[in-house]
Amino acid sequence: MIHWVRKFKVALGGIAFAVTDQVSFWVHLPIAVSVCAVAAWLRVDRWEWVAIIVAISSVLVAELLNSAIELLVRAVHPEEHPLVGKALDVSAGAVLLAVMAAIATGLTVLGPPLYAVILGSM
């Protein structure tokens with residue numbers, strides 16, 4: 001059991017590092033909080049919450065993996081190399097793809113009720 005507690009501490013430390021040290025998290029986190037606030041305000045149903053949570057967590061997981069790859073590359077291969085650059089481009093592309101999917105999910109889930117609220121207030 002102590003072994004698992006240690007693993008969780010290490011994992012939480014990695015997340016804390018990313019949140020405090022990686023600038024990209026300061027872009028994603030306020031957006032995620034805002035989306036959750038709008039979803040709560042609109043009182044979206046359970047399955048819509050599932051879609052929102054999966055979309056947000058996908059972006060954050062992609063960002064964590066991208067940060068891990070960047071840190072590892074800096075440690076192992078600090079000088080520039082074309083393949084290292086490509087690996088970093090691919091990991092950044094994974095984040096971009098997750099963000100685009102999250103935006104599509106957000107528009108699909110929150111767009112119609114927001115539109116109805118806007119039309120109702122006119």
Side-chain angles (χ1 to χ4, degrees):
M1 185 67 168
I2 293 172
H3 178 70
W4 283 103
V5 170
R6 201 170 326 149
K7 284 186 173 216
F8 279 110
K9 277 185 171 180
V10 170
L12 289 172
I15 293 169
F17 170 79
V19 169
T20 58
D21 189 70
Q22 300 298 299
V23 177
S24 297
F25 265 84
W26 290 106
V27 172
H28 299 302
L29 287 177
I31 293 169
V33 169
S34 299
V35 167
C36 289
V38 170
W41 175 63
L42 292 171
R43 297 182 181 167
V44 299
D45 68 29
R46 183 177 304 159
W47 291 109
E48 291 170 323
W49 271 111
V50 169
I52 290 168
I53 290 166
V54 168
I56 289 171
S57 62
S58 296
V59 171
L60 296 178
V61 167
E63 193 60 61
L64 283 170
L65 292 172
N66 184 47
S67 295
I69 290 168
E70 287 176 359
L71 292 168
L72 189 59
V73 163
R74 282 190 215 134
V76 174
H77 207 296
E79 61 276 358
E80 287 190 32
H81 187 280
L83 290 176
V84 169
K86 289 292 182 195
L88 293 173
D89 293 348
V90 169
S91 66
V95 175
L96 179 61
L97 186 60
V99 167
M100 292 184 334
I103 290 169
T105 301
L107 290 173
T108 302
V109 171
L110 302 177
L114 273 175
Y115 185 71
V117 167
I118 291 168
L119 282 182
S121 66
M122 292 182 163

Practice item. Look up atom OG in Ser67 and atom CG in Leu72, then write down how far apart they are to the nearest 0.5 Å. Key: 12.5 Å
Check your understanding: Among the clusters formed by ILVMFWY side chains lying less than 4.5 Å apart, do Trp4 and Val10 turn up in the same one?
Key -> no
**Study point:** Within-4.5 Å side-chain heavy-atom neighbours: Val95 and Ser91
**Key:** no
Study note, to complete from the structure: The reported gap from CD1 in Ile31 to CD1 in Ile103 (rounded to nearest 0.5 angstrom) is 8.0 Å
Review point. Under the side-chain contact (heavy atoms from CB on, under 4.5 Å) test, which residues partner Ala68, sequence neighbours left out?
Key: none
Review point. Given the rule that I, L, V, M, F, W and Y join up when any side-chain heavy atoms are under 4.5 Å apart, are Val50 and Leu110 in one cluster?
Key: no
Exercise for review: Mind listing the closest non-hydrogen atom pair of Cys36 and Ile56 along with its distance?
Suggested key: SG-CD1, 3.8 Å
Review point. Where is the tightest heavy-atom contact between Ala98 and Ala62, given as atom of each residue plus distance?
Key: CB-CB, 4.0 Å
Study note, to complete from the structure: Shortest non-hydrogen pair, Thr108 vs Pro112, comes out as O-CD, 3.3 Å
Point to revise | Hydrophobic cluster membership, Leu107 vs Val109, 4.5 Å side-chain cutoff | key: no
Review point. Quick one: does Glu63's side chain get under 4.5 Å of Gln22's, heavy atoms only?
Key: no
Practice item. Would you check if Leu64 and Phe17 make a side-chain contact, meaning some heavy-atom pair closer than 4.5 Å? Key: no
**Study point:** Close side-chain approach of Val73 and Glu70, heavy atoms under 4.5 Å
**Key:** no
Check your understanding: His81 vs His77 aromatic rings, parallel, tilted or perpendicular, using cut-offs 30° and 60°?
Key -> perpendicular
Review point. Which is it for Leu12 and Lys9 under the side-chain contact (heavy atoms from CB on, under 4.5 Å) test, yes or no, and what are the steps along the way?
Key: CA-CA 5 Å; Leu12 289 172; Lys9 277 185 171 180; 5.9 Å; no
Check your understanding: Would a hydrophobic clustering, with Ile, Leu, Val, Met, Phe, Trp and Tyr connected at side-chain separations under 4.5 Å, put Trp49 with Leu114?
Key -> yes
**Study point:** Worked check of side-chain contact (heavy atoms from CB on, under 4.5 Å) between Ile15 and Leu60
**Key:** CA-CA 10 Å; Ile15 293 169; Leu60 296 178; over 6 Å; no
Point to revise | Same apolar cluster: Val99 and Ile69, side chain cutoff 4.5 Å | key: no
Check your understanding: Given the rule in the side-chain contact (heavy atoms from CB on, under 4.5 Å) test, do Arg74 and Leu71 qualify, once you have shown the distances and angles that lead to the verdict?
Key -> CA-CA 5 Å; Arg74 282 190 215 134; Leu71 292 168; 3.7 Å; yes
Review point. Roughly how far, to the nearest 0.5 Å, is the OG1 atom of Thr20 from the CH2 atom of Trp26?
Key: 8.5 Å
